[in-house]
Every structure is written in structure tokens, then in C-alpha cells.
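Here's the structure, in C-alpha cells; my notes come after.
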Amino acid sequence: MQGRDPLFVPCTPKGCMELLHRYDIETKGKRAVVIGRSNIVGMPVALLLQKANATVSMVHSYTKNPEEITSQADIIISAAGVANLVRGSWIKPGAVVIDVGINPVDDAESPRGYRLVGDVCYEEACEVASAITPVPGGVGPMTIAMLLSNTLESAKRIHNFK
Ligand SMILES: NC(=O)C1=CN([C@@H]2O[C@H](COP(=O)(O)OP(=O)(O)OC[C@H]3O[C@@H](n4cnc5c(N)ncnc54)[C@H](OP(=O)(O)O)[C@@H]3O)[C@@H](O)[C@H]2O)C=CC1
Ligand SMILES: Nc1nc(=O)c2c([nH]1)NC[C@@H]1CN(c3ccc(C(=O)N[C@@H](CCC(=O)O)C(=O)O)cc3)C=[N+]21
């Protein structure tokens, strides 16, 4: 993507950027930390944040001081796939948190025997963050909405209509 536009922006990264846009979250000159560097989430969303003029740090499994790095961020996007990895102490007061993680954890009280949680400890984060996406009900549905958006865009290109 460096220096040229992709045919389609991957759905989940596109959904994260759409959330920032729709909630008027400034990215220009802001410190952003992306936790995770996969080809479908972490890497593309880091590039999109950089293209939106944020200063981006990427945290991965070899990062020595993830809490210290993450606590300096104005915007945190977590896509590690580790339940409750990001504690409240990792979050700068007022930071914006987008939790991409969707992690099943055992829950005997749930009819499915499990419930879904994110990478971020939601209860702790709510005390500190200025905004946070829930799991479920956050980035997941945004991904689906962006898939529909990409599908419509694809049809417009094939059939040459606006
Ligand atoms: N809501 C949605 O639409 C979507 C949600 N997801 C969810 O997002 C999460 C990530 O998915 P995906 O990107 O495919 O995951 P991958 O397993 O492909 O990548 C996980 C990344 O997180 C990093 N990581 C793992 N553990 C740690 C840790 N303890 N500290 C810091 N970094 C860590 C890994 O580092 P390293 O590179 O060093 O191994 C890797 O880069 C999952 O929970 C998945 O279910 C995924 C796609 C869409
Ligand atoms: N190239 C690629 N792109 C992806 O976007 C991609 C992928 N590969 N591999 C698998 C993951 C997983 N994924 C989800 C999307 C939406 C929900 C979703 O909407 N979940 C609901 C919860 C659904 C429930 O309750 O079970 C929610 O978060 O609210 C979940 C998971 C996309 N993925």
C-alpha cells in the first residue's frame, strides 16, 4: 500500500478507520499504538493510521515493554487475540480504544458454554478511556458493514455505475 492505493481496503482495518471518522477522532499528529501485526488487521490498520498522519508504534509478541509504549498512545487499536491483554493501566486517561480482539472464554452460565471478550479488559478500560468499542457489538459488525461496502464498490466498478 505504500505510495499507492489498494484495490480494496481490508474490511476490519477499514472498519476501524470508519469508527474514528464517524466519531470525529482526530488522528493527525496523534500517537497511535497498534497491538498485533497480522496481514489482515495489525499491519494494514497501522498503514492506514500512518496515512491519516498519526505517529504509529506497533507492539507484537517480541516487544519488551508493551504497557509503557501503549500508555503513551492517544489511540490504541488492539488485534492480538489475547483475552484481557490490555489492562486499564495500559491506557492513558482520555485515550481512544478500538478492540479488534474476539476471544472465546469459558462461561458455564452462557448457553453456548463460552462468551466472547476482546483483547482489552473492558471494565478497567471504561474507567480511563474517552471511548472504547465493546466486544461483541463493536468492530465485528463494522467488519461486516465494510464487507458490504466493498462488495457494493466492486459491483459499481464492474457495471460502471456510480
Ligand atoms: N472483529 C473482526 O472483524 C476481526 C477480529 N479479529 C480478531 O482479532 C484478533 C487478531 O486477529 P489476527 O490479526 O488474525 O491474529 P494473528 O494471530 O494473525 O496475529 C496476532 C498478532 O498479535 C501479536 N500478539 C500475540 N500475542 C501478543 C502479546 N501477548 N503481546 C503483543 N502482541 C501479541 C502477534 O505477534 P507476532 O507477530 O510477534 O506473532 C501477531 O502479530 C483475534 O482475536 C481475531 O479473532 C480478526 C479479524 C477480524
Ligand atoms: N481476511 C480476513 N478478514 C476478516 O475480517 C476475517 C478473517 N480473514 N478471518 C476471520 C476473522 C473473524 N472475523 C469476524 C468478523 C465479524 C465478527 C462479528 O461480527 N462478531 C460479532 C459476534 C458474533 C457472535 O456473537 O458470535 C461481534 O463481534 O459483535 C466476528 C469475526 C473476520 N475475520
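Note that ligands are numbered from 1 as they come in the structure, with each ligand's atoms numbered from 1 the same way. For reference, positions follow the sequence shown, starting with 1. Since the structure is predicted, the reported quantities are computational estimates derived from the model, not experimental observations.
Checked against a 3.5 angstrom limit, the closest N/O atoms of Ile40 and ligand 1 fall outside it. Note: an N/O pair closer than 3.5 Å links Ser38 and ligand 1 by distance alone. Of the N or O atoms in Arg37, one or more lie within a sub-3.5 Å distance of an N or O in ligand 1.
Relative ring orientation between Phe161 and His159 is described as parallel, the plane-to-plane angle staying below 30° on a 0-90° scale split at 30° and 60°.
Proximity to Gly36 (heavy-atom distance under 4.0 Å) selects the following atoms of ligand 1: 21 (C), 22 (O), 23 (C), 41 (O). Of all atoms in ligand 1, listed by their number and element, those nearer than 4.0 Å to a heavy atom of Asn103 are 43 (O). In the vicinity of Gly101, heavy-atom distances shorter than 4.0 Å reach the ligand 1 atoms 8 (O), 43 (O). Residue contact check: Val82 has heavy atoms under 4.0 Å from atoms 26 (N) of ligand 1. Close approach to Val139 involves these atoms of ligand 1, each under 4.0 Å from a residue heavy atom: 1 (N).
Taking all atoms of both residues into account, the shortest heavy-atom contact from Pro104 to Ile102 is CD-O, 3.9 Å. Across all their heavy atoms, Val41 and Pro13 have their closest contact at O-CG, 4.0 Å. Residues Ile75 and Lys30 approach most closely at CD1-CB, 4.4 Å, considering heavy atoms. Of all the heavy atoms in Asn65 and Glu68, the pair that sits closest is ND2-OE1, 2.9 Å.
In terms of protein heavy-atom proximity, atom 47 (C) of ligand 1 is closest to Val41 CG2, 3.7 Å.
Comparing Pro44, Ala80, Pro66, Ala79 against atom 25 (C) of ligand 1, the shortest heavy-atom distance belongs to Ala80. Residue Ile102 holds the heavy atom nearest to atom 45 (O) of ligand 1 of all those in Thr143, Ile144, Ile102.
Atom 1 (N) of ligand 1 lies below 4.0 Å from at least one non-hydrogen atom of the protein. Protein heavy atoms are found less than 4.0 angstrom from atom 12 (P) of ligand 1.
At a 4.0 Å heavy-atom cut-off, ligand 1 touches Val100 through backbone and side chain alike.
Listed by chain and number, the hydrophobic cluster partners of Trp90 are Val33, Ile35, Val59, Ile69, Ile76, Val82, Leu85, Val86, Ile91, Val97, Val120, Tyr122, Val128, Ile132, where partners are ILVMFWY side chains within reach of under 4.5 Å, directly or through others.
Inter-residue side-chain proximity for Met142 and Leu19 is flagged as met; some heavy-atom pair is nearer than 4.5 Å.
Contact shell of ligand 2 (protein heavy atoms, cutoff 4.0 Å): Thr12, Ile40, Ile102, Arg112, Leu116, Pro136, Gly137, Gly140, Pro141, Thr143, Ile144.
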